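To start, the structure under review is shown below, and the notes come after it.
We name chains A, B, ... by the order of the sequence lines, and we start the count at 1 in each one. Hydrogens, waters and symmetry mates play no part in the numbers below; they use all other heavy atoms, side chains included. Worth saying up front: this structure is predicted, and the values here are computed from it rather than measured.
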There are 2 protein chains.
Amino acid sequence: MMAQGTTRRQIVEAADDLFYRQGFEHTSFADIARVVDISRGNFYHHFKSKDDILDAVIKTRLDRTQHMLADWEEEGTTPKDRIRSYIKILLTNWSMIKDYGCPVGTLCTELAKLNHASKTEANKIFTLFRVWLRNQFRQLGHKKDADALAMHVLSWSQGVATLGNAFDDYKYVKQEVDKMCAWLDTLSVRTK
Amino acid sequence: MMAQGTTRRQIVEAADDLFYRQGFEHTSFADIARVVDISRGNFYHHFKSKDDILDAVIKTRLDRTQHMLADWEEEGTTPKDRIRSYIKILLTNWSMIKDYGCPVGTLCTELAKLNHASKTEANKIFTLFRVWLRNQFRQLGHKKDADALAMHVLSWSQGVATLGNAFDDYKYVKQEVDKMCAWLDTLSVRTK
DNA sequence: GGAAGACTAGGACAACTGACCTAATGTGTC
DNA sequence: GACACATTAGGTCAGTTGTCCTAGTCTTCC
(Lines give C-alpha, C1' and ligand atoms only; values in the text may rest on other atoms or scores of the structure.)
Protein backbone atom coordinates (compact mmCIF):
# COMPACT_ATOMS: atom_id res chain seq x y z
CA MET A 1 0.00 0.00 0.00
CA MET A 2 1.16 3.45 -0.92
CA ALA A 3 1.25 6.15 1.70
CA GLN A 4 -1.14 8.96 0.88
CA GLY A 5 0.30 11.65 -1.31
CA THR A 6 3.48 9.71 -2.01
CA THR A 7 3.31 9.99 -5.79
CA ARG A 8 2.58 13.65 -5.62
CA ARG A 9 5.52 14.19 -3.32
CA GLN A 10 7.76 12.14 -5.59
CA ILE A 11 6.72 14.22 -8.58
CA VAL A 12 7.49 17.46 -6.78
CA GLU A 13 10.80 16.11 -5.54
CA ALA A 14 11.88 14.93 -8.99
CA ALA A 15 10.68 18.15 -10.59
CA ASP A 16 12.53 20.20 -7.98
CA ASP A 17 15.76 18.39 -8.81
CA LEU A 18 15.30 18.50 -12.56
CA PHE A 19 14.19 22.14 -12.64
CA TYR A 20 17.39 22.95 -10.80
CA ARG A 21 19.72 20.86 -12.93
CA GLN A 22 18.14 21.34 -16.36
CA GLY A 23 16.01 24.42 -15.96
CA PHE A 24 12.23 24.64 -15.79
CA GLU A 25 11.47 24.91 -19.46
CA HIS A 26 13.98 22.31 -20.57
CA THR A 27 12.44 19.76 -18.22
CA SER A 28 9.60 17.82 -19.82
CA PHE A 29 6.87 15.64 -18.36
CA ALA A 30 8.68 12.69 -19.89
CA ASP A 31 11.80 13.56 -17.89
CA ILE A 32 9.93 13.64 -14.61
CA ALA A 33 7.91 10.53 -15.48
CA ARG A 34 11.14 8.64 -16.17
CA VAL A 35 12.50 9.48 -12.72
CA VAL A 36 9.34 8.76 -10.75
CA ASP A 37 8.44 5.83 -13.03
CA ILE A 38 4.84 6.72 -13.72
CA SER A 39 2.92 7.30 -16.93
CA ARG A 40 2.62 10.75 -18.39
CA GLY A 41 -1.13 10.87 -18.11
CA ASN A 42 -0.89 10.32 -14.41
CA PHE A 43 0.27 13.87 -13.79
CA TYR A 44 -3.08 15.38 -14.37
CA HIS A 45 -4.64 13.64 -11.44
CA HIS A 46 -2.23 15.46 -9.12
CA PHE A 47 -1.60 18.69 -11.02
CA LYS A 48 -3.63 20.55 -13.56
CA SER A 49 -0.65 21.86 -15.52
CA LYS A 50 3.12 22.13 -15.62
CA ASP A 51 2.90 25.57 -14.06
CA ASP A 52 1.03 23.91 -11.21
CA ILE A 53 4.01 21.64 -10.59
CA LEU A 54 6.29 24.66 -10.62
CA ASP A 55 4.16 26.35 -7.98
CA ALA A 56 4.37 23.25 -5.81
CA VAL A 57 8.15 23.15 -6.25
CA ILE A 58 8.50 26.79 -5.26
CA LYS A 59 6.30 26.18 -2.23
CA THR A 60 8.48 23.32 -0.98
CA ARG A 61 11.60 25.40 -1.57
CA LEU A 62 10.11 28.20 0.49
CA ASP A 63 9.33 25.71 3.25
CA ARG A 64 12.77 24.14 3.24
CA THR A 65 14.49 27.50 3.21
CA GLN A 66 12.44 28.66 6.16
CA HIS A 67 13.31 25.53 8.10
CA MET A 68 16.98 25.84 7.26
CA LEU A 69 17.05 29.44 8.44
CA ALA A 70 15.22 28.47 11.62
CA ASP A 71 17.70 25.66 12.25
CA TRP A 72 20.54 28.14 12.10
CA GLU A 73 19.04 30.06 15.00
CA GLU A 74 20.42 27.60 17.52
CA GLU A 75 21.20 28.25 21.14
CA GLY A 76 24.56 29.83 21.84
CA THR A 77 25.16 31.15 18.34
CA THR A 78 25.89 34.79 17.62
CA PRO A 79 24.37 36.69 14.69
CA LYS A 80 27.78 36.64 13.03
CA ASP A 81 27.93 32.86 13.36
CA ARG A 82 24.57 32.63 11.66
CA ILE A 83 25.51 34.94 8.82
CA ARG A 84 28.61 32.81 8.36
CA SER A 85 26.34 29.77 8.02
CA TYR A 86 24.70 31.50 5.09
CA ILE A 87 27.97 32.50 3.46
CA LYS A 88 29.32 28.99 3.76
CA ILE A 89 26.53 27.42 1.69
CA LEU A 90 28.73 28.34 -1.25
CA LEU A 91 31.26 25.78 -0.01
CA THR A 92 28.79 23.26 1.38
CA ASN A 93 26.86 23.02 -1.86
CA TRP A 94 29.82 23.61 -4.13
CA SER A 95 29.52 20.25 -5.89
CA MET A 96 26.09 21.31 -7.15
CA ILE A 97 26.77 25.02 -7.63
CA LYS A 98 29.76 24.41 -9.88
CA ASP A 99 27.54 22.56 -12.35
CA TYR A 100 24.15 24.20 -11.94
CA GLY A 101 24.68 27.53 -10.19
CA CYS A 102 22.62 28.89 -7.31
CA PRO A 103 19.18 27.25 -7.16
CA VAL A 104 17.46 30.49 -6.22
CA GLY A 105 19.24 32.82 -8.58
CA THR A 106 19.03 30.62 -11.65
CA LEU A 107 15.33 29.94 -11.17
CA CYS A 108 14.49 33.62 -10.71
CA THR A 109 16.56 34.53 -13.74
CA GLU A 110 14.87 31.94 -15.92
CA LEU A 111 11.37 32.88 -14.84
CA ALA A 112 12.17 36.55 -15.40
CA LYS A 113 13.19 35.81 -18.99
CA LEU A 114 10.10 33.70 -19.59
CA ASN A 115 8.10 36.49 -17.98
CA HIS A 116 6.46 33.66 -16.10
CA ALA A 117 3.49 34.29 -13.84
CA SER A 118 5.23 32.55 -10.91
CA LYS A 119 8.36 34.67 -10.95
CA THR A 120 6.98 36.73 -8.09
CA GLU A 121 6.59 33.59 -6.02
CA ALA A 122 10.13 32.49 -6.82
CA ASN A 123 11.49 35.87 -5.76
CA LYS A 124 10.02 35.26 -2.33
CA ILE A 125 12.81 32.77 -1.69
CA PHE A 126 15.24 35.64 -2.07
CA THR A 127 13.07 37.71 0.23
CA LEU A 128 13.22 34.97 2.85
CA PHE A 129 17.01 35.20 2.95
CA ARG A 130 16.86 38.96 2.80
CA VAL A 131 14.57 39.33 5.79
CA TRP A 132 16.51 36.75 7.78
CA LEU A 133 19.86 38.39 7.06
CA ARG A 134 18.42 41.82 7.80
CA ASN A 135 17.29 40.52 11.15
CA GLN A 136 20.76 39.20 11.94
CA PHE A 137 22.31 42.57 11.15
CA ARG A 138 19.72 44.27 13.31
CA GLN A 139 20.78 42.04 16.17
CA LEU A 140 24.33 43.21 15.54
CA GLY A 141 23.12 46.71 16.29
CA HIS A 142 22.80 47.93 12.72
CA LYS A 143 19.42 49.57 12.71
CA LYS A 144 19.39 51.90 9.74
CA ASP A 145 21.54 49.97 7.28
CA ALA A 146 20.48 46.43 8.19
CA ASP A 147 18.62 45.92 4.94
CA ALA A 148 21.42 47.36 2.82
CA LEU A 149 23.88 45.03 4.53
CA ALA A 150 21.58 42.07 3.93
CA MET A 151 21.29 42.91 0.25
CA HIS A 152 25.03 43.35 0.09
CA VAL A 153 25.67 39.83 1.40
CA LEU A 154 22.97 38.47 -0.87
CA SER A 155 24.40 40.00 -4.04
CA TRP A 156 27.96 39.19 -3.13
CA SER A 157 27.28 35.49 -2.67
CA GLN A 158 25.03 35.48 -5.73
CA GLY A 159 27.80 36.85 -7.89
CA VAL A 160 30.32 34.39 -6.53
CA ALA A 161 27.95 31.54 -7.34
CA THR A 162 27.53 32.75 -10.93
CA LEU A 163 31.24 33.30 -11.56
CA GLY A 164 32.25 30.15 -9.71
CA ASN A 165 29.86 28.22 -11.92
CA ALA A 166 31.12 29.81 -15.11
CA PHE A 167 34.81 29.34 -14.35
CA ASP A 168 34.38 26.16 -12.30
CA ASP A 169 36.94 27.53 -9.87
CA TYR A 170 36.77 26.33 -6.28
CA LYS A 171 39.86 28.21 -5.18
CA TYR A 172 38.29 31.50 -6.20
CA VAL A 173 35.06 30.70 -4.37
CA LYS A 174 36.96 29.76 -1.21
CA GLN A 175 38.89 33.00 -1.49
CA GLU A 176 35.74 35.11 -1.80
CA VAL A 177 34.09 33.28 1.08
CA ASP A 178 37.09 34.10 3.25
CA LYS A 179 36.89 37.68 2.08
CA MET A 180 33.22 37.84 3.03
CA CYS A 181 33.93 36.41 6.46
CA ALA A 182 36.77 38.90 6.95
CA TRP A 183 34.48 41.74 5.92
CA LEU A 184 31.90 40.47 8.39
CA ASP A 185 34.47 40.55 11.17
CA THR A 186 35.26 44.21 10.52
CA LEU A 187 31.62 45.16 11.18
CA SER A 188 31.08 46.79 14.52
CA VAL A 189 28.91 45.09 17.12
CA ARG A 190 26.85 47.39 19.25
CA THR A 191 25.24 46.02 22.39
CA LYS A 192 22.18 47.84 23.47
CA MET B 1 19.73 45.26 -54.37
CA MET B 2 20.68 43.81 -51.01
CA ALA B 3 24.10 44.45 -49.58
CA GLN B 4 26.06 41.26 -49.22
CA GLY B 5 25.54 39.42 -45.98
CA THR B 6 22.73 41.68 -44.87
CA THR B 7 20.24 38.92 -44.17
CA ARG B 8 22.81 36.95 -42.23
CA ARG B 9 23.65 39.98 -40.16
CA GLN B 10 20.00 40.69 -39.54
CA ILE B 11 19.47 37.12 -38.37
CA VAL B 12 22.38 37.34 -35.94
CA GLU B 13 21.21 40.72 -34.69
CA ALA B 14 17.66 39.54 -34.10
CA ALA B 15 18.87 36.30 -32.52
CA ASP B 16 21.22 38.24 -30.27
CA ASP B 17 18.38 40.37 -29.02
CA LEU B 18 15.92 37.51 -28.61
CA PHE B 19 18.42 35.18 -26.95
CA TYR B 20 18.99 37.91 -24.42
CA ARG B 21 15.38 38.79 -23.79
CA GLN B 22 13.79 35.33 -24.00
CA GLY B 23 16.70 32.96 -23.53
CA PHE B 24 18.37 30.78 -26.13
CA GLU B 25 16.17 27.72 -25.87
CA HIS B 26 12.92 29.62 -25.62
CA THR B 27 13.66 31.45 -28.86
CA SER B 28 12.46 29.58 -31.94
CA PHE B 29 13.26 29.98 -35.61
CA ALA B 30 9.76 31.30 -36.05
CA ASP B 31 10.51 34.08 -33.54
CA ILE B 32 13.60 35.18 -35.41
CA ALA B 33 11.91 34.82 -38.80
CA ARG B 34 9.09 37.07 -37.62
CA VAL B 35 11.53 39.83 -36.67
CA VAL B 36 13.69 39.62 -39.78
CA ASP B 37 10.66 38.89 -41.97
CA ILE B 38 12.06 35.92 -43.86
CA SER B 39 10.84 32.36 -44.28
CA ARG B 40 11.96 29.62 -41.94
CA GLY B 41 13.69 27.58 -44.61
CA ASN B 42 15.90 30.51 -45.42
CA PHE B 43 17.95 30.00 -42.28
CA TYR B 44 19.70 26.96 -43.58
CA HIS B 45 21.38 28.80 -46.36
CA HIS B 46 23.18 30.99 -43.85
CA PHE B 47 23.53 28.61 -40.90
CA LYS B 48 23.57 24.88 -40.66
CA SER B 49 21.80 24.69 -37.32
CA LYS B 50 20.45 26.71 -34.40
CA ASP B 51 23.67 26.10 -32.52
CA ASP B 52 25.43 27.69 -35.46
CA ILE B 53 23.42 30.85 -34.97
CA LEU B 54 24.32 30.81 -31.29
CA ASP B 55 28.00 30.58 -32.13
CA ALA B 56 27.66 33.57 -34.46
CA VAL B 57 25.87 35.52 -31.74
CA ILE B 58 28.57 34.74 -29.21
CA LYS B 59 31.21 35.78 -31.71
CA THR B 60 29.61 39.19 -32.29
CA ARG B 61 29.24 39.66 -28.54
CA LEU B 62 32.92 38.92 -28.09
CA ASP B 63 33.73 41.44 -30.80
CA ARG B 64 31.52 44.15 -29.40
CA THR B 65 32.82 43.63 -25.89
CA GLN B 66 36.38 43.87 -27.10
CA HIS B 67 35.62 47.11 -28.92
CA MET B 68 33.83 48.56 -25.91
CA LEU B 69 36.77 47.76 -23.65
CA ALA B 70 39.17 49.26 -26.17
CA ASP B 71 37.05 52.40 -26.40
CA TRP B 72 37.34 52.85 -22.66
CA GLU B 73 41.10 53.06 -22.96
CA GLU B 74 40.97 56.68 -24.05
CA GLU B 75 43.65 59.26 -23.67
CA GLY B 76 43.83 60.96 -20.32
CA THR B 77 41.85 58.39 -18.38
CA THR B 78 43.19 56.70 -15.29
CA PRO B 79 42.77 52.97 -14.60
CA LYS B 80 40.26 53.87 -11.88
CA ASP B 81 38.24 55.88 -14.38
CA ARG B 82 38.14 52.87 -16.65
CA ILE B 83 37.08 50.47 -13.92
CA ARG B 84 34.37 52.94 -13.05
CA SER B 85 33.18 52.75 -16.66
CA TYR B 86 32.70 49.04 -16.17
CA ILE B 87 30.89 49.39 -12.86
CA LYS B 88 28.54 51.98 -14.30
CA ILE B 89 27.19 49.67 -17.00
CA LEU B 90 24.79 48.56 -14.29
CA LEU B 91 23.24 52.03 -14.41
CA THR B 92 23.67 52.66 -18.14
CA ASN B 93 21.93 49.44 -19.12
CA TRP B 94 19.53 49.40 -16.20
CA SER B 95 16.41 49.55 -18.37
CA MET B 96 17.40 46.21 -19.90
CA ILE B 97 18.97 44.62 -16.83
CA LYS B 98 15.89 45.14 -14.71
CA ASP B 99 13.87 43.01 -17.11
CA TYR B 100 16.39 40.55 -18.51
CA GLY B 101 19.41 40.53 -16.21
CA CYS B 102 23.03 40.65 -17.27
CA PRO B 103 23.47 39.49 -20.88
CA VAL B 104 26.69 37.66 -20.09
CA GLY B 105 25.70 36.05 -16.82
CA THR B 106 22.29 34.85 -17.92
CA LEU B 107 23.62 33.31 -21.13
CA CYS B 108 26.42 31.48 -19.34
CA THR B 109 24.00 30.24 -16.71
CA GLU B 110 21.54 28.96 -19.30
CA LEU B 111 24.19 27.20 -21.36
CA ALA B 112 25.63 25.64 -18.21
CA LYS B 113 22.24 24.15 -17.37
CA LEU B 114 21.75 22.89 -20.90
CA ASN B 115 25.30 21.55 -20.74
CA HIS B 116 25.60 23.13 -24.15
CA ALA B 117 28.72 22.65 -26.25
CA SER B 118 29.13 26.42 -26.69
CA LYS B 119 29.17 27.26 -23.00
CA THR B 120 32.95 27.45 -23.10
CA GLU B 121 32.73 30.04 -25.85
CA ALA B 122 30.18 32.06 -23.91
CA ASN B 123 32.41 32.04 -20.85
CA LYS B 124 35.07 33.76 -22.91
CA ILE B 125 33.02 36.95 -22.68
CA PHE B 126 33.52 36.82 -18.94
CA THR B 127 37.20 36.16 -19.52
CA LEU B 128 37.43 39.25 -21.70
CA PHE B 129 36.21 41.44 -18.84
CA ARG B 130 38.35 39.53 -16.38
CA VAL B 131 41.57 40.04 -18.32
CA TRP B 132 40.77 43.69 -19.00
CA LEU B 133 39.97 44.42 -15.36
CA ARG B 134 43.05 42.51 -14.22
CA ASN B 135 45.10 44.69 -16.51
CA GLN B 136 43.61 47.85 -15.02
CA PHE B 137 44.44 46.71 -11.51
CA ARG B 138 47.97 45.87 -12.60
CA GLN B 139 48.30 49.42 -13.84
CA LEU B 140 47.23 50.56 -10.40
CA GLY B 141 50.26 48.77 -9.06
CA HIS B 142 48.54 45.62 -7.83
CA LYS B 143 50.75 42.89 -9.15
CA LYS B 144 50.00 39.83 -7.11
CA ASP B 145 46.31 40.30 -6.42
CA ALA B 146 45.26 41.91 -9.71
CA ASP B 147 43.31 38.85 -10.83
CA ALA B 148 41.60 38.42 -7.46
CA LEU B 149 40.53 42.06 -7.57
CA ALA B 150 39.23 41.65 -11.10
CA MET B 151 37.19 38.62 -10.11
CA HIS B 152 35.92 40.51 -7.10
CA VAL B 153 34.57 43.35 -9.22
CA LEU B 154 33.15 40.87 -11.67
CA SER B 155 31.23 38.87 -9.09
CA TRP B 156 30.08 41.94 -7.22
CA SER B 157 28.49 43.51 -10.28
CA GLN B 158 27.14 40.16 -11.37
CA GLY B 159 25.35 39.70 -8.08
CA VAL B 160 23.94 43.20 -8.16
CA ALA B 161 22.56 42.55 -11.64
CA THR B 162 20.86 39.35 -10.50
CA LEU B 163 19.36 40.85 -7.36
CA GLY B 164 18.47 44.09 -9.07
CA ASN B 165 16.63 42.09 -11.70
CA ALA B 166 14.79 39.96 -9.16
CA PHE B 167 13.69 42.85 -6.97
CA ASP B 168 13.45 45.42 -9.77
CA ASP B 169 15.04 47.94 -7.43
CA TYR B 170 16.99 50.79 -8.99
CA LYS B 171 17.72 52.48 -5.69
CA TYR B 172 19.51 49.41 -4.43
CA VAL B 173 21.57 49.10 -7.61
CA LYS B 174 22.56 52.76 -7.43
CA GLN B 175 23.54 52.24 -3.81
CA GLU B 176 25.73 49.22 -4.60
CA VAL B 177 27.35 51.02 -7.53
CA ASP B 178 28.25 53.87 -5.19
CA LYS B 179 29.61 51.33 -2.72
CA MET B 180 31.76 49.77 -5.42
CA CYS B 181 33.14 53.15 -6.47
CA ALA B 182 33.87 54.01 -2.85
CA TRP B 183 35.66 50.69 -2.41
CA LEU B 184 37.65 51.41 -5.55
CA ASP B 185 38.74 54.76 -4.12
CA THR B 186 40.12 53.12 -0.99
CA LEU B 187 42.50 51.02 -3.08
CA SER B 188 46.08 52.22 -2.94
CA VAL B 189 47.76 53.46 -6.10
CA ARG B 190 51.43 52.65 -6.39
CA THR B 191 53.48 54.42 -9.01
CA LYS B 192 56.50 52.53 -10.18
C1' DG C 1 -19.25 -8.37 -1.07
C1' DG C 2 -20.47 -4.20 -2.93
C1' DA C 3 -20.36 0.70 -3.63
C1' DA C 4 -17.50 4.98 -3.81
C1' DG C 5 -13.65 7.22 -4.58
C1' DA C 6 -8.61 7.58 -5.06
C1' DC C 7 -5.20 6.51 -8.17
C1' DT C 8 -2.97 4.90 -12.46
C1' DA C 9 -1.85 3.39 -17.35
C1' DG C 10 -1.79 4.22 -21.89
C1' DG C 11 -3.35 6.18 -25.83
C1' DA C 12 -4.75 10.25 -28.63
C1' DC C 13 -4.63 15.00 -29.64
C1' DA C 14 -3.17 19.45 -31.88
C1' DA C 15 0.55 22.45 -31.76
C1' DC C 16 5.18 23.33 -32.27
C1' DT C 17 10.08 22.33 -32.76
C1' DG C 18 14.58 22.14 -35.62
C1' DA C 19 15.87 20.20 -39.76
C1' DC C 20 15.85 19.32 -44.61
C1' DC C 21 14.52 19.61 -49.59
C1' DT C 22 13.36 21.45 -53.93
C1' DA C 23 11.90 24.88 -57.02
C1' DA C 24 12.09 29.46 -58.10
C1' DT C 25 14.01 34.01 -58.32
C1' DG C 26 17.53 37.36 -58.29
C1' DT C 27 22.38 38.97 -59.46
C1' DG C 28 26.62 39.47 -61.81
C1' DT C 29 29.80 38.01 -65.61
C1' DC C 30 31.17 36.76 -70.00
C1' DG D 1 21.30 36.20 -74.22
C1' DA D 2 23.58 32.46 -71.59
C1' DC D 3 25.58 30.86 -67.85
C1' DA D 4 26.91 30.17 -62.90
C1' DC D 5 25.96 31.19 -58.49
C1' DA D 6 23.83 33.40 -54.37
C1' DT D 7 19.70 33.88 -52.18
C1' DT D 8 15.00 32.93 -50.99
C1' DA D 9 10.15 30.91 -50.36
C1' DG D 10 7.47 27.45 -49.06
C1' DG D 11 6.48 22.85 -48.18
C1' DT D 12 7.55 18.49 -45.72
C1' DC D 13 9.41 15.65 -42.26
C1' DA D 14 9.90 13.08 -37.84
C1' DG D 15 10.13 14.01 -33.19
C1' DT D 16 8.58 16.18 -28.96
C1' DT D 17 5.75 19.05 -26.23
C1' DG D 18 1.77 19.90 -22.82
C1' DT D 19 -2.85 18.56 -22.49
C1' DC D 20 -6.78 15.67 -22.20
C1' DC D 21 -9.64 11.42 -22.09
C1' DT D 22 -11.13 6.92 -20.96
C1' DA D 23 -10.85 2.53 -19.05
C1' DG D 24 -9.18 0.06 -15.61
C1' DT D 25 -7.18 -1.10 -10.88
C1' DC D 26 -6.57 -0.52 -6.09
C1' DT D 27 -8.15 0.97 -1.44
C1' DT D 28 -11.36 1.99 2.02
C1' DC D 29 -15.44 1.84 4.41
C1' DC D 30 -20.07 0.27 5.16
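- Residues passing the salt bridge (Lys or Arg N to Asp or Glu O under 4.0 Å) test with Asp52(B) are Lys48(B), sequence neighbours excluded.
- Below 30°, between 30° and 60°, or above 60°: for Phe29(B) and Phe43(B) the angle between ring planes is above 60°, a perpendicular geometry.
- Atom NE2 in His45(A) sits roughly 12 Å away from atom C1' in dC26(D) (whole-Å rounding).
- Inter-axis angle, ends of the helix from dG1(C)-dC30(D) to dC30(C)-dG1(D), five pairs per end, rounded to 10 degrees: 0°.
- When rounded to the nearest whole Å, the span between CZ of Phe43(B) and C1' of dT17(C) equals 13 Å.
- In this entry the distance linking CD of Gln10(B) with P of dT7(D) reads 13 Å, nearest Å.
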Could you list all N or O pairs between the protein and nucleotides 15-18 of chain D that sit under 3.5 Å apart?
residue, atom, partner, partner atom, Å
dT17(D), OP1, Ser28(A), OG, 3.3
dG18(D), OP1, Lys50(A), NZ, 3.0
dG18(D), OP2, Phe29(A), N, 3.0

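- Applying the side-chain hydrogen bond (donor to acceptor under 3.5 Å, both in side chains) criterion to Thr77(A), with sequence neighbours excluded, gives Arg82(A).
- Considering only side-chain N and O atoms, Thr7(B) lies under 4.0 angstrom from the phosphate OP1 or OP2 of dT8(D).
- Residues Lys119(B) and Asp168(A) are not paired through a salt bridge, judged by the lack of any N-O separation under 4.0 Å between the basic side chain and the carboxylate.
- By the side-chain hydrogen bond (donor to acceptor under 3.5 Å, both in side chains) test, Tyr100(A) is found to be paired with no residue, residues two or more places apart in sequence or in another chain being considered.
- Scanning for salt bridge (Lys or Arg N to Asp or Glu O under 4.0 Å) contacts around Glu176(A) gives Lys179(A), with sequence neighbours left out.
- One finds a side-chain N or O of His46(B) lying less than 4.0 angstrom from the OP1 or OP2 phosphate oxygen of dT8(D).
- Between His116(A) and Phe24(A), the angle of the ring planes goes over 60°, which puts this pair in the perpendicular group of the 30/60° scheme.
- Taking the six-membered ring for Trp and the full ring otherwise, the centers of Trp72(A) and His67(A) sit at least 6.0 Å from each other.
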